[in-house]
2 protein chains.
Amino acid sequence: MTKRITLEGVAQLAGVSRATVSRVINDPTAVKPELRARVEKVIVETGYQPNLAARSLASSRSHLIGLIIPSLVQSLFTDPYFPSLIQGISQACNMHHYILSLFLFHSLEEEGQVYQRALNSGLVDGLIVTASIINNPYLPRLIQQKIPLVQIGRPFENVEQISFVDVDNVSGAYRAAHHLIRLGRKRIAFIGGTLNTTVGIDRYTGYCSALREKGLVVDQSLTIFADFTRADGYAAMQQIIPHHPDAVFVITDTMAVGALQALHEAGLRVPEDISVIGFDDLTQAASSNPPLTTVRQPVRLLGTMAVDMLIDILETGLHPPRHTILPTELIIRASCGTM
Amino acid sequence: MTKRITLEGVAQLAGVSRATVSRVINDPTAVKPELRARVEKVIVETGYQPNLAARSLASSRSHLIGLIIPSLVQSLFTDPYFPSLIQGISQACNMHHYILSLFLFHSLEEEGQVYQRALNSGLVDGLIVTASIINNPYLPRLIQQKIPLVQIGRPFENVEQISFVDVDNVSGAYRAAHHLIRLGRKRIAFIGGTLNTTVGIDRYTGYCSALREKGLVVDQSLTIFADFTRADGYAAMQQIIPHHPDAVFVITDTMAVGALQALHEAGLRVPEDISVIGFDDLTQAASSNPPLTTVRQPVRLLGTMAVDMLIDILETGLHPPRHTILPTELIIRASCGTM
DNA sequence: CTTACTATTGAGAGCGCTCTCAAGAACAGC
DNA sequence: GCTGTTCTTGAGAGCGCTCTCAATAGTAAG
């Protein structure tokens, strides 16, 4: 790699001081127009790019944002949720001229090591953490260290102290269940995620409250909590079928696609025999057979909002913690049938 | 964030010079055991972590690796290929104590800007670039700047000058087609990707050579090139069905799942009426209906190999360019039937 | 014309680390 | 005991930038 030109070099070529060039780059109002023009001309001609390491060192801001996806998220492979989320985050980073560093972990041990190395070294200005199980052992440490941090997904504890963005899972699930009730369904099953996630808890809460509100009981034999995978959705559905549900609300589309497969194999018709509603509305929902009624959540937006929030924290301070809840939307397709 | 301890501070507490502490951290053989022990004790007690910005500036190595996924990759959302790849890359980075920065682009314009800002600023030590269309306009510039770079997927031009890792797409496709021929299939269709990708070209090449070798003609009416999406696989299959294929090799599992759906809807039985083979063997293949025979490619390994290669380049120099081709494996499931 | 400000620029001190170079210690050979 | 060699450590010069502070130029007020 050929030696690059530095601030110093630009300053000499333009016949000004280093400080002036720095001002031209960083402060839009500072330098006088004619001088500014001269400096900018040199910058363009030389293709000068500030060295980010030097800049970080001097200003103690790196313009790097870390995205942490904890080791306990298994569904990374299988669910299009994460790619969408990362897209949103990346796009917002590009827009704000931040750089995204991605931290994935494959074991708790690895997670601990990388936290130590990467985060305590002042490398990143702030972090976005995707929610995992409710007792992520590293989160409290980060909060204690006052590292600027935004969590994606409502935290389970310390809600007031942690900034987060989330979708309104409770009301989304409520609306899904409510829609099934309105369609005249009486035996509405629930295939949930594990209850050690707030997503799992909130969607279950919404489902329950819709049922109770309409005088239906939450039947334990129609309720299963499983992993967020297609295979688990399939297995859960198989377990529920013998109890004759006439509808099922599945907590993610990925799992719902598994459930659909189980229903097909059992010879049940969707929606004639049983209505199905999922949650996410990412790519799979519209192309499943039949197309899946689902609760759409704005995943990409979730990502961009997290970045926006984090940058706001970086610029205006950690306090007070910010909380944003994005709305969901019921997308009605063929899998739930009509009245 | 509370003021962190620096090298200087550690040096004072241990009663040695800055240089010695630096040696303790960076050179395993340098310092005398007793001194080293004293310094390490202080490091542990204080929880000292080197400041990465300072380290980058002084050593002009950042220990950051950039992963570039060009703007023209549409299938990022829909295909589990990229999540798997990123997993592999991330894992290797963690292992080698490198940090991964992710660059996704949503437009060519954005791509240009970020290249400028992030890559010319000396931020990353090297880059991993996933192959996109064959005329990625930015790649030549990177090569010219002699930025250490590994491409994932065979480059179309300058093969000799670019280091890359790839899977053996030609022989994988050859084996898939060959297997269909051995099963007695005569009208073997091909649903390919766009031919402006080397993946698209290579898998088509393998398919053609198997057919030709066995005296079958490559029938244009049985050949369609489409986008790497499920929807395009579905549409392509629909177009081919009227020409009565008795087998189809589909270039990705994602597209194959779309093709399966089209076949179902057309009332064709798989594998009785038509054999189907895909390519990838990521999550979808085993859980499709029927389970998909497919060419397994070691995607995660591809990612880790890319990182290993890049680090080797960083440590031992750009030349000569390295090339690694990983083998593929035909995984036989129900969708192709048996003799 | 003098004084009081304000806008604009330059000088220079770091930011926390690496790395070269030289000094000193330790040891061998004669 | 002296010279030559190697090993270990410290001193100090940067790396390329930001940012404070002082100097100067320019403007307004009296």
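Chain A is the first sequence line, chain B the second, and so forth, proteins listed ahead of strands; every chain is numbered from 1. Quick note: numbers below take in every heavy atom, side chains included, and nothing from hydrogens, waters or symmetry partners.
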- Message: Let's go through A:Leu85 and A:Leu67 carefully: what are the C-alpha distance in whole Å and the side-chain angles of both, what is the deciding distance for side-chain contact (heavy atoms from CB on, under 4.5 Å) to 0.1 Å, and is it a yes or a no?
- Response: CA-CA 11 Å; A:Leu85 190 65; A:Leu67 171 61; 5.7 Å; no
- Step by step, would you call A:Val299 with A:Phe82 a side-chain contact (heavy atoms from CB on, under 4.5 Å)? CA-CA 9 Å; A:Val299 179; A:Phe82 283 98; over 6 Å; no
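One finds a side-chain N or O of B:Ser22 lying less than 4.0 angstrom from the OP1 or OP2 phosphate oxygen of C:dT18. Contact annotation: A:Ser17 side-chain N/O to C:dA11 OP1/OP2 distance is not under 4.0 Å. At D:dT9, none of the side-chain N or O atoms of B:Thr20 fall inside 4.0 Å of OP1 or OP2 (strictly under the cut-off).
Taking atom CG of A:Asn51 as the reference point, atom C1' of C:dC15 lies 13 Å away to the nearest angstrom. In this structure, CZ of A:Arg36 is placed 14 Å from C1' of C:dA7, rounded to the nearest angstrom. Taking atom CD of A:Glu8 as the reference point, atom P of D:dG14 lies 12 Å away to the nearest angstrom. Taking atom CD1 on B:Ile5 and atom C1' on C:dC15, their separation rounds to 16 Å, with Å as the unit. Between the C1' atom of C:dC17 and the CD1 atom of B:Ile25 lies a distance of 9 Å, rounded to the nearest Å. Summarising the geometry, the separation between CD on A:Glu34 and C1' on C:dT9 is reported as 12 Å, rounded to the nearest angstrom. Summarising the geometry, the separation between CG on A:Leu123 and P on C:dC15 is reported as 20 Å, rounded to the nearest angstrom. Counting to the nearest Å, the P atom of C:dC17 and the CD1 atom of B:Ile43 are 10 Å from each other.
In this structure, the side chain of B:His63 does not engage the main chain of B:Ser56 through any donor-acceptor pair within 3.5 Å. The backbone N or O of B:Ser62 sits less than 3.5 Å from a side-chain atom of B:Asp125, completing a donor-acceptor pair.
Map B:Val16 and B:Ala54 each onto its nearest nucleotide of DNA chain D; the residue landing nearer the 5' end is B:Val16. Both B:Ala53 and B:Lys32 sit near DNA chain C, but only B:Ala53 has its closest nucleotide nearer the 5' end. Remark on DNA chain D: of its neighbouring residues A:Arg61 and B:Ala58, the 5'-side contact belongs to B:Ala58, judged by nearest-heavy-atom nucleotide.
Of all nucleotides listed (C:dT9, D:dT18, C:dG16), D:dT18 comes nearest to the side chain of A:Asn26. Closest to the side chain of A:Leu35, out of C:dG10, C:dT9, D:dG16, is C:dT9. The side chain of B:Ala19 approaches D:dG10 more closely than any other nucleotide in the set D:dG16, D:dT18, D:dG10. Picking from C:dT18, D:dA11, C:dT9 the nucleotide with the shortest atom distance to the side chain of B:Leu7 gives C:dT18.
Checked by distance alone, B:Arg23 brings a side-chain donor or acceptor within 3.5 Å of a matching partner on the base of D:dG10.
Side-chain contact annotation: A:His323 with A:Asp166, donor-acceptor N/O pair under 3.5 Å absent.
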